[in-house]
Amino acid sequence: MREELAKNYNPAEFEDRIYAKWVEKGYFKPDGDKKKKPFSIVIPPPNVTGQLHMGHALDETLQDILVRTKRMQGYSTLWVPGTDHAGIATQIKVEERLRVDEGLSRYDLGRDKFLERVWAWKDSYEERITGQLKKLGASCDWSRQRFTMDEGCSRAVREVFVNLYDKGLIYRGHRIINWCPRCLTALSDAEVEYKDMPGNFWHIKYPIKGEEGYVEVATTRPETMFGDTAVAVNPEDEATKHLVGKTLILPIVNREIPVIADDYVEIGFGTGCVKITPAHDPNDFLVGQRHGLEQIKVMNDDATMNAYAGKYEGMDRYACRKALVADLEAEGFLVKTEPHDHNVGTCYRCGTTVEPLTSDQWFVKMKPLAAPAIEAVECGNINFVPERFSKNYFNWMNNILDWCISRQLWWGHRIPAFYCDACGAMEVSKTDLTVCPKCGAPMRQEEDVLDTWFSSALWPFSTLGWPDKTDDLARYYPTDTLVTGYDIITFWVSRMIFSGLEHMGEKPFSTVFIHGLVRDAQGRKMSKSLGNGIDPLKIIEQYGADALRFALATGNAPGNDMRFSDEKIEAARNFANKLWNASRFVLMNLTEDDETLLTLPEESALTAEDKWILSAFNKLARSVNDNVENYEVGVALGEIYSFTWDTFCDWYIEMAKSRIFAKDTPEALTAKRVLVHVLTGILKLLHPYMPFITEEIYQALPHADESIMISAYPTFDKEIDFSADEEEIKRIIACITAIRARRAEMNIAPSKKAKLYVVTKYKSTFENAAPMLEKLASVSELHIVDSYDSSDAVAIATDSGNLYIPLADVIDFEKERARLTAEYEKNEGEISRLEKKLSNEGFVAKAPAAVVEGEKAKLAKYLETRAAITEALAKLK
RNA sequence: GGAGGCAUAGCUCAGUUGGUUAGAGUACUUGCUUGACAUGCAAGGGGUCACUAGUUCGAGUCUAGUUGUCUCCACCA
C-alpha cells in the first residue's frame with residue numbers, strides 16, 4: 001500500500017506520526033533471531049538536571065546512525081537508553097529551586113522530604129529528556145530504559161562496593177580532599193576545575209625564637225597560617241639550610257613552630273621558605289605526613305574560620321584574609337604584597353573555590369584497577385577513534401591517584417556501610433543491616449552517598465541486568481561502540497573500562513568513538529552564562545529532526561569540534577527539500593503497477609545512462625558502508641548528498657526525462673524502473689542519517705518492506721556493475737557541459753536552439769544521446785559527421801576525446817577565438833608538466849606502474865586536445 | 001611545566017594508507033517563469049594548502065623547527 005506524498009516538504013506533519021508507528025511496531029527492540037550477530041550500544045546517560053542541548057543531539061545522532069545502519073545491515077541491534085541521577089548537579093538545582101520558590105534549605109525539609117522533591121524533579125526531567133530523544137528520532141529500545149538509581153542499578157552499585165571492599169580496594173581514610181564549601185561535600189580530583197585568577201603573594205615575617213631575625217615566607221592564602229605547623233626549607237639550599245631546627249613564632253597567634261627540611265621546597269623559588277599547613281594543602285599534607293606534623297583545621301565546612309583563627313573566628317575565609325593582612329601590616333609583619341596570578345581550584349558544578357582540607361572519606365585504591373585498564377587499550381582490545389585520544393586516557397590512568405568516592409550529599413547511592421555505636425563495629429553489606437552482628441545493638445547506615453560516576457562506571461553492565469546473569473548480558477555484553485565527547489574520557493570512559501574489566505572480567509566495549517563539542521556560529525562554547533545555547537527542539541520545530549541530524553552529521557570529522565549555524569541548518573533543510581521534490585517528480589510519473597516498477601529491467605533494455613547511474617550507485621553503496629565501518633559518518637553522508645543532488649537529480653533525472661515523457665513506451669518503463677531502484681537505494685542509504693523523510697517517501701514509493709527501517713542496507717551488487725560502460729555517459733556529460741558553457745559565454749538565450757555538428761570517433765554514443773543533447777544542451781539538430789568544414793561556422797574542442805562541437809548558428813567568432821587560445825595555452829601547460837614528469841627517470845622507475853600509466857594516458861588526452869584545438873583554430877581563419 | 005588539536009577559497013569546513021588540474025556548503029558575478037524543486041536550474045570568478053628546512057621520483061598529506069590559536073592534564077608555596 002502506498003501513501004500520498006504531500007506537495008510541500010513539511011516535516012512537522014509526519015515526524016511524530018512516523019516515530020509512533022515505529023514504536024508501535026516494535027522495530028527498536030532487538031530482533032530475537034539468534035543467527036544474527038548482536039550489536040549493542042548503551043547511551044551515555046544524560047543528566048536529569050535539565051534538558052538536552054546540542055552536544056546531546058550530536059551524541060545521540062551519531063549513535064542512532066550507527067545503530068540504524070547496523071540494524072539494516074542485518075545485526076540484532078540493541079540501543080539501551082537511560083538517564084543519570086547526576087548527584088551534585090541535580091541536588092544543587094533542586095536546592096536552588098527550593099530556595100527561590102519557598103525560601104527553604106534542604107535542612108529545613110530534612111533528608112526524606114528533600115529526596116521526595118528530587119525524585120519528583122527527576123521524574124519530570126527524565127520524561128522531558130526521553131521526549132526529546134524521541135523527537136530526534138533515536139531508535140533506542142524504550143522497554144529497556146534505565147536510570148542510575150533505579151532498583152537494578154542500585155543493586156549493582158552495592159554489589160560492586162562490597163566486592164571492592166572485600167578485596168581491600170575500597171577503604172575509609174583520613175586524608176586531604178577537595179572540599180566545596182558551597183555544596184558542602186568532598187569532590188574527587190576530576191571534579192575540580194582550575195581557573196586563572198588574579199591574586200597576591202603576601203610576604204610575611206615569621207620571627208625566630210630567641211633571635212633578632214625572622215624568616216620570610218610568601219603565601220597566596222594567608223588565612224591558612226593559623227593552621228601552620230612548620231616552615232620548610234630545602235636541605236640542599238645554602239641560603240636557608242642554617243635555619244633547620246630553629247623555632248619560629250607564628251605572628252598574631254604566637255604559636256611556636258619548627259623549621260624543617262624537605263626537598264619538596266624548590267630552591268630559588270620565592271623566599272625559599274614555605275609555610276606548611278598540612279590540613280589545608282595537598283602538598284603540605286604529604287610534607288606533614290613525612291615529618292609527623294600536627295594537622296590543624298582552621299575552617300568550618302562552609303569556609304568560615306573556626307576557633308583556631310582566634311579573633312577572626314566566624315569570618316568568611318576571604319573576609320578573614322583581608323582583616324588578617326591589615327593586621328599583619330599594622331604590626332609590621334607584612335614585608336610586601338606582590339600581585340600574582342594563580343590557578344585556583346573550583347567546584348565543577350557550582351564554581352565555588354574549593355578548599356583543600358583533611359576529612360574522613362571513602363576511597364577506591366586505583367593502582368591495581370588501573371593496570372589492566374591500561375593494558376586493555378595498549379594491546380588494542382579497546383580502540384579509541386580517533387586513536388590520539390588514547391594518549392589522553394593513558395596520561396590519566398598512568399598518573400592516577402586514589403579516587404575519593406564519598407560525597408556529603410543526600411541525592412545518590414547511600415554508601416552501604418553500617419555502624420554500631422554500641423560496640424564501634426563497622427560492617428559493609430549488600431543488604432541493609434539494622435542489628436549489629438557483633439553485639440546485637442542497632443546499627444545506623446553511613447550518611448554519605450557515592451560519587452555519581454561510581455554508578456555511571458557500571459552502566460554498560462548494570463543496564464543489561466548485572467549482577468543477575470541475564471540473557472541480555474550474555475548476548476549484548478561487551479557492547480560494541482561507546483559514543484561520547486572527549487570531555488568525559490577521564491570522568492567516565494576510563495572508569496567504565498576498569499570497572500568492566502574488574503567486575504565482568506571483560507571490557508565494556510570494543511570501540512570508543514569520540515566526537516567534539518558543538519560550538520556556536522562564532523566558535524564559542526555553548527553555555528548558559530553566554531546565553532548562546534541553541535535548543536535542539538526549537539531547531540526541530542523549525543526545520544525538522546532530519547535537517548538537524550543532517551547538519552550535525554555532515555562534514556563532522558571524528559574528535560573535532562564543529563560549529564552550528566543558521567547556514568548549516570538551512571543547507572540541510574534545502575537538501576531534504578530537494579530529495580522531497582525529486583521523489584515527488586518520480587512519483588507523479590509512476591503509472592504502472594508496483595510489482596512491475598519494483599523489478600529492474602533486463603540488462604539488454606538498459607541505456608547507457610541507466611548503466612551509468614546504476615554503476616555509480618553501486619559504488620556509492622560500497623563506499624558508504626566502508627566509511628561507516630570506519631566511523632567516517634561525515635564522509636559517508638557527504639557522498640550520499642553529492643550523489644543524490646549532483647548525480648541523480650542534476651543529471652540522471654534530467655537525462656531520463658526524454659524517455660519518461662514518451663508515455664506508455666517500453667523505454668519509459670525502463671527509465672521509471674531504474675528511477676525507482678536508485679531512488680529507493682538512496683533512501684535506504686540515507687535512512688540512518690535522515691530517518692523520517694526517508695520513511696515518508698519510502699511509504700509513498702512502490703516498496704517491498706513494511707518499513708525502510710527494517711529493509712536491507714544496500715551493498716555493492718556485482719549484478720549491476722557496469723563500470724566498463726561509464727565512459728560513454730561521461731563523454732556526453734562533458735559535451736553537454738561544454739555546450740552550456742559556450743552558450744553562457746556567448747550569452748545565447750536558452751530559447752535559441754542551435755545546430756550541433758560533432759566530429760567524433762564515438763559515433764554510436766552520440767547517436768544514442770541525441771534526445772539528451774536536445775533536451776539538456778538546446779540542440780536543434782544533431783549532425784554526426786566525419787569532418788566539418790563549413791566556412792560560416794567554427795569549432796570548439798573538449799578534452800573528452802577528439803571532439804569538435806560546432807554550434808553552427810550561434811557562435812561568436814571573436815570570442816571563440818580568444819577562448820580557444822586561452823584553452824590552448826592552459827593545455828600546453830599541462831602537456832609540458834606531464835612531459836617533464838614522464839621524462840623524469842626517477843618517477844618512471846620508482847612510481848607504481850598504475851600511476852605511471854595514468855600519467856601517460858593523461859598526456860595522450862592532452863595531446864589529442866591540442867590537435868583538436870589547433871584544428872579548430874585553423875578553421876576560425 | 002607536560003601533552004594534544006587546529007592553521008586549506010571572503011566565511012564555515014572536508015581532503016582516509018603520500019600519486020589527476022586541491023573539493024563542498026555558503027557568500028559573490030552572470031543568465032534562466034527549463035513539464036519535481038527559486039529551499040531551484042545553468043555557467044563563472046575566487047586558494048603561493050600559516051612559515052622555514054628536510055625525507056621522497058612526487059608533499060595539503062610524512063619529519064623537524066618557527067609563528068598564531070584552542071583544548072586537556074599537572075600545579076610552585
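FYI, side chains are in, hydrogens and waters are out, and symmetry mates aren't considered; it's all heavy atoms of this structure. The chains referred to below are lettered A, B, ... by the order of the sequence lines, with proteins before strands, and numbering in each begins at 1.
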Sugar-phosphate only, base, or nothing, as touched by K657(A) at under 4.0 Å among non-hydrogen atoms: base

Is R321(A) close enough and on-axis enough to W202(A), meaning under 6.0 Å and within 45°, for cation-pi? no

Per atom distances to the K837(A) side chain, the nearest of G19(B), C70(B), C37(B) is G19(B)

If we take the P atom in both G68(B) and G23(B), what is their distance in whole Å? 33 Å

So what does D487(A) touch, heavy atoms closer than 4.0 Å: a base, only the sugar-phosphate, or nothing? nothing

From the list A77(B), A36(B), G25(B), which nucleotide is the closest neighbour of the side chain of A582(A)? A36(B)

Among G31(B), G15(B), G35(B), which nucleotide has an atom closest to any side-chain atom of N747(A)? G31(B)

Euclidean distance, atom CD1 of residue I697(A) to atom C1' of A36(B) [Å, nearest integer]: 12 Å

Fit a plane to each ring of H203(A) and F201(A), take the angle between them on a 0 to 90° scale, and name the class: parallel (under 30°), tilted (30 to 60°) or perpendicular (over 60°). perpendicular

Ionic contact status for E864(A) with K861(A), cut-off 4.0 Å: no

Contacts of F661(A) and V192(A) projected onto RNA chain B by closest heavy atom; the upstream (5') one is F661(A)

Between F389(A) and Y486(A), what is the ring plane arrangement, given parallel below 30°, perpendicular above 60°, and tilted in between? parallel

Check every atom of G19(B), U16(B), C37(B) against the side chain of A847(A) and return the nucleotide holding the closest atom. G19(B)

Which part of the nucleic acid, if any, lies within contact of V844(A), taking any heavy atom under 4.0 Å across all strands shown: a base, the sugar-phosphate backbone alone, or nothing? nothing

Is there a side-chain contact between N560(A) and the phosphate of U71(B), meaning an N or O under 4.0 Å from OP1 or OP2? no

Look at all strands and tell whether T737(A) reaches a base, only sugar-phosphate, or nothing, counting heavy atoms closer than 4.0 Å. sugar-phosphate

With ring pair (Phe, Tyr, Trp, His ring centres under 6.0 Å) as the test, would you mind laying out the steps for F575(A) and Y689(A) before giving the verdict? CA-CA 12 Å; F575(A) 176 65; Y689(A) 306 84; over 10 Å; no

If you only use heavy atoms from C-beta on, which nucleotide in U16(B), G19(B), A77(B) is closest to the side chain of E266(A)? A77(B)

As its Watson-Crick or G-U partner within any shown strand, both distances under 3.5 Å, U71(B) has A3(B)

Minimum-distance nucleotide to D281(A) side chain [options: C72(B), C37(B), C76(B)]: C76(B)

For T490(A), which contact category applies under a 4.0 Å heavy-atom criterion: base, sugar-phosphate, or nothing? nothing

Tell me what W645(A) touches on the nucleic acid: a base, only sugar-phosphate, or nothing, going by heavy atoms under 4.0 Å. sugar-phosphate

For K195(A), which contact category applies under a 4.0 Å heavy-atom criterion: base, sugar-phosphate, or nothing? nothing

Using a heavy-atom cut-off of under 4.0 Å over every strand shown, decide if M588(A) touches base, sugar-phosphate, or nothing. sugar-phosphate

Assign E841(A) to base, sugar-phosphate, or nothing according to its heavy-atom contacts below 4.0 angstrom with the strands shown. nothing

Kindly say if W396(A) contacts the phosphate of G4(B), meaning a side-chain N or O under 4.0 Å from OP1 or OP2. no

Which nucleotide in G35(B), A43(B), G19(B) has an atom nearest any side-chain atom of K775(A): G35(B)

What's the closest nucleotide to the side chain of K391(A) if the choices are U20(B), G4(B), U26(B)? G4(B)

Base C75(B) paired with N343(A) side chain (donor-acceptor, <3.5 Å): yes

Can you tell me how far P in U12(B) sits from the matching atom in U52(B), rounded to whole Å? 23 Å

Without decimals, in angstroms, what is the distance between R742(A) CZ and A43(B) P? 11 Å

Whole angstrom value for the distance that separates C1' of C37(B) from CG of L579(A): 11 Å

Can you tell me if N283(A) touches the phosphate of C76(B), counting only side-chain N or O atoms and a distance under 4.0 Å to OP1 or OP2? yes

For C41(B), the Watson-Crick or wobble counterpart (both distances under 3.5 Å): G31(B)

Heavy-atom nearest nucleotide on RNA chain B taken for I653(A) and for L401(A); more 5' hit belongs to I653(A)

Rounded P spacing from A14(B) to U56(B) in Å: 32 Å

Between CD of E387(A) and P of U16(B) the distance, given in whole Å, is 17 Å

Which nucleotide in the set C37(B), A43(B), A77(B) lies at the smallest distance from any side-chain heavy atom of A744(A)? A43(B)

Gap in Å between the two C1' atoms, one belonging to U61(B) and one to G46(B), rounded: 24 Å

Report yes or no: is the cationic atom of K619(A) (NZ for Lys, CZ for Arg) under 6.0 Å from the centre of the six-membered ring of F643(A), at an angle within 45° of the ring normal? no

For atom P, what is the distance between U63(B) and G19(B), given to the nearest Å? 15 Å

Return the CZ to OG1 distance between R549(A) and T554(A), rounded to the nearest 0.5 Å. 13.5 Å

Taking the side chain of V274(A) as its heavy atoms from C-beta onward, which of A77(B), A36(B), C13(B) lies nearest to it? A77(B)

Under 4.0 angstrom, heavy atoms only, what part of the nucleic acid is F389(A) near: base, sugar-phosphate, or nothing? nothing

Could you check whether R573(A) gets within reach of a base, just the sugar-phosphate, or nothing at all, counting any heavy atom under 4.0 Å? base

Nearest-Å distance for atom pair CZ/P, residues F394(A) and A3(B): 17 Å

